[in-house]
There are 2 protein chains.
Amino acid sequence: MPSDPSPRIAAGHETPPAPEAITWQTIRARALSRLRSGAWAPGELIPNEAALATEFGCARATVNRALRDLAEAGYLERRRKAGTRVVRNPVRKATLSIAIIRDEIEAGGHSYEYRLLSRRMAPPPRAVQDALGTNTHPCLHACALHLADGIPRVHEERWVDPGGAPGLMEVDLATTGANAWLVENVRYTEGTLSLSAAAAEAHIAAHLGCAPGSAVFVLERVTRMRETAITWVRMTYAPGYRMTTAI
Amino acid sequence: MPSDPSPRIAAGHETPPAPEAITWQTIRARALSRLRSGAWAPGELIPNEAALATEFGCARATVNRALRDLAEAGYLERRRKAGTRVVRNPVRKATLSIAIIRDEIEAGGHSYEYRLLSRRMAPPPRAVQDALGTNTHPCLHACALHLADGIPRVHEERWVDPGGAPGLMEVDLATTGANAWLVENVRYTEGTLSLSAAAAEAHIAAHLGCAPGSAVFVLERVTRMRETAITWVRMTYAPGYRMTTAI
DNA sequence: GAGAATATAATGTCTGCACATAATAGCCCT
DNA sequence: AGGGCTATTATGTGCAGACATTATATTCTC
């Protein structure tokens with residue numbers, strides 16, 4: 001989201017309404033109100049940049065900035081030559097901030113604890129192989145627990161391709177969380193993320209301190225860095241977890 | 001996300017590497033590679049725009065565009081006068097596209113069917129009152145089922161504040177889905193969204209055709225339009241559902 | 001030395017202009 | 001008609017210069 005700190009917070013007590021400078025945020029707000037009011041109806045073509053610039057009394061670049069922002073937000077669809085169209089079914093985009101578990105827990109005012117459960121080399125199961133795009137060669141398999149105030153909150157199961165993150169193989173995972181290491185050392189990665197609900201498997205339930213079969217929130221993530229697969233993780237949250245965001 | 005269609009797809013077969021125009025994407029790529037390589041280390045201050053413009057041989061505005069984009073993506077933190085700093089713990093931002101169920105189902109190549117289960121006026125439970133910020137006055141309560149190829153996929157429970165969306169009260173919900181109506185008539189809304197896992201309640205399980213207590217994915221959403229609460233919805237997805245996104 | 005006033009440096013944004021790019025619309029030719 | 005070339009048009013982006021906005025740094029005052 002672009003910063004939008006409402007550029008003008010009223011000037012003095014003398015000056016009437018103040019001429020109000022024309023920033024791109026102004027234009028965006030005016031455009032958005034036309035969208036909300038229906039003046040620019042769904043599917044319709046809106047006036048071109050030059051026309052709007054004239055109408056609003058600003059440079060075309062300013063209109064461009066505003067409309068580009070609305071397009072990024074999913075309200076408008078822009079195509080060269082074809083013009084700018086109001087999107088019919090605005091696909092709402094929710095932005096989830098995937099924080100580091102430790103930060104998330106500490107931000108909630110709890111003490112954080114990390115506990116390594118297991119660590120071994122093994123060929124990953126088929127599903128993980130597919131996700132990582134690797135062969136059947138052995139990978140590092142590690143399980144761990146994240147606790148808040150001593151209470152288990154998240155179970156982490158991870159497969160690491162040794163080729164993708166060489167340094168990680170030497171790290172003492174008992175003290176440094178794999179996630180923390182990766183964030184520090186293999187930054188700026190890409191990947192995919194999937195959220196789902198599942199019945200807790202017995203051994204995970206045992207670690208999380210809930211009944212086997214309990215409904216648990218599961219986050220699976222594949223991390224890559226420029227084509228190279230690095231790691232596959234499955235985070236299983238203890239029952240009651242909610243992931244929240246503004247929309 | 002800004003569009004980034006790799007502006008230049010090689011010119012001819014004769015011209016060597018082609019001078020390669022300096023676009024803001026170029027600058028962004030070069031900056032990002034410095035981030036990845038560690039040349040610009042976490043927490044560090046990077047050179048200012050003017051310096052980079054000189055170095056890259058472009059206008060300051062171009063550098064600005066590139067750095068602004070990286071800041072939006074969460075890699076950099078920029079403050080006037082203070083300069084531009086590399087973010088220490090880049091909080092990954094996953095963008096979920098919340099599509100309309102119908103679109104989602106039809107996009108998957110399935111036939112879509114909507115079935116209204118119930119509709120009545122009643123005072124909402126306390127939790128919903130809080131979420132909507134309304135009083136105890138009666139609201140519309142509607143339950144419905146979304147089916148793909150005749151198989152139940154999502155159960156929808158909804159509370160609508162009559163004050164927030166007057167027109168909706170008159171709509172024949174049996175034929176028009178509440179969601180569809182809202183998208184068509186009350187666009188450009190805001191709200192909050194929360195994702196969780198839950199054990200399917202008996203009556204919902206019955207509708208979804210799964211065992212009571214099955215782990216189901218639940219999406220709750222409160223929709224507002226400029227302070228006015230409009231609706232609270234809980235979507236319960238049939239077991240097996242996954243919400244996926246690139247990161 | 002503490003606090004307030006002031007200078008300064010970095011980013012934010014506007015303007016006006018130019019050209020690049022992409023896609024539609026129209027034309028021409030067969 | 002049909003197919004392909006060309007003209008046109010709306011958006012995308014670059015540049016240089018200017019001013020606005022905001023913190024930080026510095027200096028001044030008591």
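Reminder, nothing fancy here: chain letters follow the sequence lines and each chain counts from 1. Note that the coordinates shown come from a computational prediction; the quantities given were computed from them, not determined experimentally.
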Rounded to the nearest angstrom, tell me the gap between atom CH2 in W24(B) and atom P in dG12(D). 11 Å
Between dG14(D) atom C1' and R28(B) atom CZ, what is the distance in whole Å? 16 Å
Respond yes when some side-chain nitrogen or oxygen of T23(A) is under 4.0 Å from OP1 or OP2 of dG12(C), and no when none is. no
Is the distance from OP1 or OP2 of dT11(C) to the nearest side-chain N or O of R68(B) less than 4.0 Å? no
Is there a side-chain polar atom (N or O) of Q25(A) under 4.0 Å from OP1 or OP2 of dG12(C)? no
Separation of dC14(C) atom C1' from F56(A) atom CZ, nearest Å, is 16 Å
Do the charged groups of E49(B) and R60(B) touch, with an N to O distance under 4.0 Å? yes
Parallel, tilted or perpendicular: which one describes the rings of F217(B) and Y241(B), with boundaries at 30° and 60°? tilted
Expressed in angstrom and rounded to an integer, what is the separation of D69(A) atom CG from dG12(C) atom P? 14 Å
salt_bridge(E55(A), R34(A)) N-O dist < 4.0 Å: yes
d(CG, L45(B); C1', dT11(C)) in whole Å: 12 Å
Tell me: CZ of R65(A) to C1' of dG12(C), nearest whole Å? 9 Å
Under the side-chain contact (heavy atoms from CB on, under 4.5 Å) rule, what do R30(A) and F56(A) come out as? Steps first, then yes or no, please. CA-CA 9 Å; R30(A) 296 182 64 173; F56(A) 291 134; 3.5 Å; yes
Each nucleotide N or O in nucleotides 7-11 of chain D that has a protein N or O under 3.5 Å away: list the pair and distance.
unit_1: dT9(D); atom_1: O4'; unit_2: K81(A); atom_2: NZ; d: 3.2
unit_1: dA10(D); atom_1: O4'; unit_2: K81(A); atom_2: O; d: 3.4
unit_1: dA10(D); atom_1: N3; unit_2: K81(A); atom_2: N; d: 3.2
unit_1: dT11(D); atom_1: OP1; unit_2: T84(A); atom_2: OG1; d: 3.0
unit_1: dT11(D); atom_1: OP2; unit_2: E49(A); atom_2: N; d: 2.8
unit_1: dT11(D); atom_1: O2; unit_2: R80(A); atom_2: NE; d: 3.4

Looking at E220(B) and R242(A), is there a salt bridge between them, counting it only when a charged N and a carboxylate O are closer than 4.0 Å? yes
For the student: nearest non-hydrogen atoms of R224(B) and I230(B), plus distance: C-CD1, 4.2 Å
